[in-house]
Amino acid sequence: MTKKWIMLASAFLFTTAFLTGAARFAAEDAPISISEVMKEAMKGGLNKKVASGEASAEEKDRLLVLFKGLAENEPPEGDLESWKAKTEALVNAAEAAVKGADDAPAMLKSAANCKACHDAHRP
Ligand code: HEC
């Protein structure tokens, strides 16, 4: 009888812990992969559109979300410090675009240097 109660109690505790963890995970934004950012922001042209000054406020916000997501990734290749510097420059540029800063287009263009980053960090 006691054994049964212990088992029930531990099953209950396990379920509660699991659900709490799952809820916490769902509440946070799902992580964004490097590949997603490349497809949507780089190859997809969102970065270019924002740099051209023709993007809507939603598009600028989306670019910032993508670049922040990119910065949270670890580079598949190359030095972590270099990756941080490059992705931080992208985040700063997207933040400047969201704020409507005059130098945002220039910042975006120089930060989104495809070749420099691919040479250093693309496997
Ligand atoms: C801050 C660094 C960085 C910058 C800037 C960057 N890339 Fe990338 N890109 C990467 C990395 C790292 C990968 C490899 C991802 C992997 O294999 O996990 C990649 C992969 C890609 C891919 C393949 C994605 C896939 O999985 O299908 C494309 C396409 C791409 N980049 C386009 C571009 C273009 C176009 C630009 C410039 C406008 C650009 N990237 C700028 C880091 C960067």
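As the structure is a prediction and not an experimental result, all values here were calculated from the model. Remember, it's 1-based here, ligands and their atoms both numbered in the order they're listed.
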Checklist entry - Which residue owns the protein heavy atom closest to atom 18 (O) of ligand 1, what's the atom, and how far is it? => result Pro76 CG, 3.9 Å

Checklist entry - Do Arg122 and Glu77 sit within salt-bridge range, that is, some charged N less than 4.0 Å from a carboxylate O? => result no

Checklist outcome for this item: protein heavy-atom neighbour closest to atom 12 (C) of ligand 1 works out as His121 O, 3.5 Å

Next on the checklist: Would you say that more than 12 heavy atoms from the other residues, nucleotides or ligands in this model lie under 6.0 Å from the CG of Asp102, or not?
Outcome noted: no

Checklist outcome for this item: Of all protein heavy atoms, the one nearest atom 25 (C) of ligand 1 is Ser35 OG, 3.3 Å

Checklist entry - Which residues and atoms, counting only protein N, O or S, are under 2.8 Å from atom 8 (Fe) of ligand 1? => result Met38 SD, His118 NE2

Next on the checklist: Can you give me the closest heavy-atom contact between Glu36 and Pro31, atom names plus distance?
Outcome noted: OE2-O, 4.2 Å

Checklist outcome for this item: Closest non-hydrogen contact found for Lys60 with Val98 is O-CG2, 3.6 Å

Checklist entry - Given that the side chain starts at C-beta and the backbone is N, CA, C, O, which of these parts of Asn113 lies under 4.0 Å from ligand 1, counting heavy atoms, or is it both or neither? => result backbone

Checklist entry - Which bit of Lys39 is near ligand 1, meaning a heavy atom under 4.0 Å away: side chain, backbone, both or neither? => result side chain

Next on the checklist: Let me check something: do Val50 and Leu64 share a hydrophobic cluster, defined by ILVMFWY side-chain heavy atoms less than 4.5 Å apart, either directly or through other members?
Outcome noted: yes

Checklist entry - If you look at every heavy atom in Phe67 and Leu90, which pair is closest and at what distance? => result CD1-O, 3.4 Å

Checklist entry - Among protein heavy atoms, which sits nearest to atom 17 (O) of ligand 1, and what does the distance come to when rounded to 0.1 Å? => result Pro123 CD, 3.9 Å

Checklist outcome for this item: All heavy atoms of Pro76 vs all of Ile34, minimum pair found to be CD-CD1, 3.6 Å

Checklist entry - Which atoms of ligand 1 have any heavy atom of Trp83 under 4.0 Å away? => result 2 (C), 12 (C)

Next on the checklist: Just by distance, no angles: are the side chains of Lys48 and Ser52 close enough, under 3.5 Å, to form a donor-acceptor pair?
Outcome noted: no

Next on the checklist: Quick one, Ser82 with Lys86, criterion side chain to side chain donor-acceptor pair (under 3.5 Å). Give me CA distance, side-chain angles, the key distance, then yes/no.
Outcome noted: CA-CA 6 Å; Ser82 145; Lys86 288 179 169 65; 3.2 Å; yes

